[in-house]
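Single-structure report; data block below.
Atoms within a ligand are numbered from 1 in the order they appear, just like the ligands themselves. Hydrogens, waters and symmetry mates play no part in the numbers below; they use all other heavy atoms, side chains included.
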Amino acid sequence: MTFINYANKEINCKIVYYGPGLCGKTTNLQYIYSKTPPDARNKMISLATETDRTLYFDFLPLDLGSIRGFTTRFHLYTVPGQVFYDASRKLILKGVDGVVFVADSQEVRMEANVESIRNLEENLREHGFDLATIPYALQFNKRDLQDVVPVDEMYRMLNFKREPTFEAVATTGVGVLDTLKAVAKQILIELRKR
Ligand SMILES: Nc1nc2c(ncn2[C@@H]2O[C@H](COP(=O)(O)OP(=O)(O)O)[C@@H](O)[C@H]2O)c(=O)[nH]1
Ligand SMILES: [Mg+2]
């Protein structure tokens, strides 16, 4: 999408946090929100469904510089993870500029991770996007827990195109900003090509 606002010289980019239910998408967003200076962000908005929430907020990162005099504003979204919310997951991908896939490192969630990446690929394709080319980062979250799958094994199982990959503990913020920066950087490279 990359909505350009000429009046206030802002480029608007949309980043969607994707992944299975309870993998830590909301926790990622909450951490980023807490680390963004209040004057650089807008209110966090929660669109509640019965059992899950879609979170949204936008902010102006201070350290990313400008493109030909325009500043970039990032709009961050989470999707509901449960299988039966596929319609809203699809909708949230409309006009997406970049995706972070949050994988749950617990052994018992590997199947859910694999299924969710397939679902992401499919839903992107329906909007005319391709996971192979869209700015993308992969996060292995919950590294603090017991019974987590070794990182190299998760990489073999989940990496799609040798995307930048990060170990994370979203509850304490480990790896959260690095993941965001990796996808933001790819989006800015794409924008500068235009
Ligand atoms: N131990 C641990 N728990 C986490 C981590 N990230 C998220 N959680 C917990 O996992 C649960 C689901 O997280 P949430 O962000 O709501 O998942 P979402 O469904 O993907 O939005 C919450 O209780 C979080 O506190 C992590 O890195 N380590
Ligand atoms: Mg959530």
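Checking only distances, L145 never comes within under 3.5 Å of ligand 1, N or O to N or O. Geometrically, ligand 1 and C23 share a nitrogen or oxygen pair separated by less than 3.5 Å. Residue-to-ligand polar distances keep A168 apart from ligand 1: every N/O pair is separated by 3.5 Å or more. Between R143 and ligand 1, no N or O atom pair is found at a separation short of 3.5 Å. Close N/O approach between G24 and ligand 1 is found [any backbone or side-chain N/O within under 3.5 Å].
More than 12 heavy atoms of other residues, nucleotides or ligands sit less than 6.0 Å from atom CD of E126. The number of heavy atoms from other shown groups lying within 6.0 Å of NZ (K43) does not exceed 12.
Considering each of T78, T171, N28, the one bringing a non-hydrogen atom nearest atom 4 (C) of ligand 1 is T171. When the heavy atoms of V148, N141, D104 are ranked by distance to atom 6 (N) of ligand 1, first place goes to N141.
For D144, every heavy-atom contact with ligand 1 shorter than 4.0 Å involves the side chain, none the backbone.
Heavy-atom separations between G19 and ligand 1 are all 4.0 Å or longer.
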Check: residues 99-109 side-chain donor-acceptor pairs under 3.5 Å, at least two apart:
| residue | atom | partner | partner atom | Å |
| --- | --- | --- | --- | --- |
| D104 | OD1 | Q106 | N | 3.1 |
| D104 | OD1 | Q106 | NE2 | 3.0 |
| D104 | OD2 | Q106 | NE2 | 3.3 |
| D104 | OD2 | K142 | NZ | 3.2 |
| S105 | OG | N141 | O | 2.6 |
| S105 | OG | R143 | NH1 | 2.9 |
| R109 | NH2 | G21 | O | 3.1 |

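Scanning for ring pair (Phe, Tyr, Trp, His ring centres under 6.0 Å) contacts around F160 gives an empty result, with sequence neighbours left out.
Summarising the geometry of Y18 relative to K25, their closest heavy-atom pair is C-CD, 3.6 Å, with the distance given to 0.1 Å.
Look at T26 and the Mg ion (ligand 2): an N/O/S atom of the residue is under 2.8 Å from the metal.
Remark: E115 does not engage R118 in a salt bridge, criterion side-chain N to carboxylate O under 4.0 Å.
Taking every heavy atom of T27 and a limit of under 4.0 angstrom, the matching atoms of ligand 1 come to 7 (C), 13 (O), 14 (P), 15 (O), 24 (C).
For the side-chain contact (heavy atoms from CB on, under 4.5 Å) test with I15, the passing option among D97, V96, L76 is L76; the others fail.
Taken together through direct or relayed side-chain contacts under 4.5 Å among Ile, Leu, Val, Met, Phe, Trp and Tyr, V174 and Y33 form parts of separate hydrophobic clusters.
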